[in-house]
Amino acid sequence: MSAPLPPGIERILFTEEEIARRIGELGARISRDYAGKTLKLVGVLKGSVFFLTALARSIEVPVKMDFLGISSFSNRSGAPGVVRIAKDLDDSIEGEDVLLIEDIVDTGFTLRYLLQNLAGRAPNSLAVCTFLDRTSRRIVQVPVDYRCFEIPDRFVVGFGLDSQQLYRNLGYVAVMKHEKPA
Ligand code: IMP
Ligand code: MG
């Protein structure tokens with residue numbers, strides 16, 4: 001029943017079942033926290049798409065969704081990450097209760113930029129939900145309100161996360177055999 005792992009994959013970190021269970025728990029928590037409100041999920045393309053759609057189905061308050069795309073250039077030598085919006089949201093978020101959905105928070109540069117940008121658009125509230133969190137590599141402090149999993153300092157793929165645009169469609173999260181070059 002269990003298919004062999006694709007070449008390049010070392011081991012599975014979180015199975016489909018673990019992911020589904022955690023997303024169910026998170027969805028229930030978010031539904032309680034936003035009871036009586038309409039939630040606008042804002043996804044960061046493309047990595048957060050699998051997580052966002054799974055999470056949306058486990059949320060019981062009314063949900064709207066919108067997406068933005070970014071390009072970021074960061075390196076491991078300590079230079080600040082440069083982020084810009086390559087594809088903006090379709091609609092205004094003014095007065096809305098926005099939950100920003102990320103695939104992974106690593107150094108925090110991407111999230112800091114996005115929070116500053118979105119806060120300037122006068123949402124009623126702005127919170128962050130990330131699928132994965134690698135706090136050991138954080139350089140700038142950013143608020144993370146909800147997260148599915150904390151992960152070790154290894155490059156991971158699957159459930160939306162890519163290595164050179166591949167592996168996003170894996171149903172699980174896996175560690176790569178060879179770390180992506182910085
Ligand atoms: P940050 O700005 O350093 O927090 O970078 C976050 C972005 O880096 C994420 O949105 C991902 O696109 C990418 N990233 C960081 N770590 C990984 C990983 O382990 N696998 C795939 N992408 C990653
Ligand atoms: Mg990415």
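Position 1 is the first residue of the sequence; numbering continues from there. Each ligand, and each atom within it, is numbered from 1 in the order the structure gives.
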Worksheet, complete the sentence: Scanning both residues in full, the closest heavy-atom pair of P123 with V98 reads CB-CG2, 4.0 Å
Practice prompt. With heavy atoms only and a cut-off of under 4.0 Å, state how R137 meets ligand 1: side chain, backbone, both or neither.
Written response: neither
Item to complete: Report yes if some heavy atom in the side chain of F131 is under 4.5 Å from a heavy atom in the side chain of I101; otherwise report no.
Response: no
Worksheet item: Does I104 have a heavy atom less than 4.0 Å from any atom of ligand 1?
Response: yes
Worksheet entry | Heavy-atom gap G108 to ligand 1 smaller than 4.0 Å | yes
Worksheet item: For the side chain to side chain contact (heavy atoms under 4.5 Å, CB included) test, which of L55, V42, L100, L52 pairs with C129?
Response: L55
Practice prompt. Please identify which atoms of ligand 1 are closer than 4.0 Å to at least one heavy atom of E102.
Written response: 10 (O)
Worksheet item: Hey, mind stepping through F149 and F14 against ring-ring contact (aromatic ring centres under 6.0 Å, His included) and telling me if it holds?
Response: CA-CA 9 Å; F149 301 105; F14 306 115; 3.8 Å; yes
Worksheet item: Touching ligand 1 at all, V44? Heavy atoms, strictly under 4.0 Å?
Response: no
Fill in: Distance filter under 4.0 Å to D162 heavy atoms, resulting ligand 1 atoms
21 (C)
Worksheet item: Do any heavy atoms of R134 fall under 4.0 Å from ligand 1?
Response: yes
Item to complete: Output yes when R168 and D103 qualify as a salt bridge under the 4.0 Å nitrogen-oxygen rule, no when they do not.
Response: no
Item to complete: Number the atoms of ligand 1 from 1 as they appear, then name those within less than 4.0 Å of a heavy atom of T110, with their elements.
Response: 1 (P), 2 (O), 5 (O), 6 (C)
Discussion item. Please determine whether the number of non-hydrogen atoms from other residues, nucleotides or ligands lying under 6.0 Å from atom CD of E25 exceeds 12.
Written reply: yes
Worksheet entry | Contact check, L111 vs ligand 1, heavy-atom distance below 4.0 Å | no
Discussion item. Applying a heavy-atom cut-off of 4.0 Å, say which part of D106 lies close to ligand 1: side chain, backbone, both or neither.
Written reply: both
Response to the item:
Of V105, V128, T130, the one forming a side chain to side chain contact (heavy atoms under 4.5 Å, CB included) with V142 is V105
Discussion item. Could you tell me, atom by atom, which parts of ligand 1 come under 4.0 Å of a heavy atom of D103?
Written reply: 9 (C), 10 (O), 11 (C), 12 (O)
Worksheet entry | K177 with E10: basic N within carboxylate O range, under 4.0 Å | no
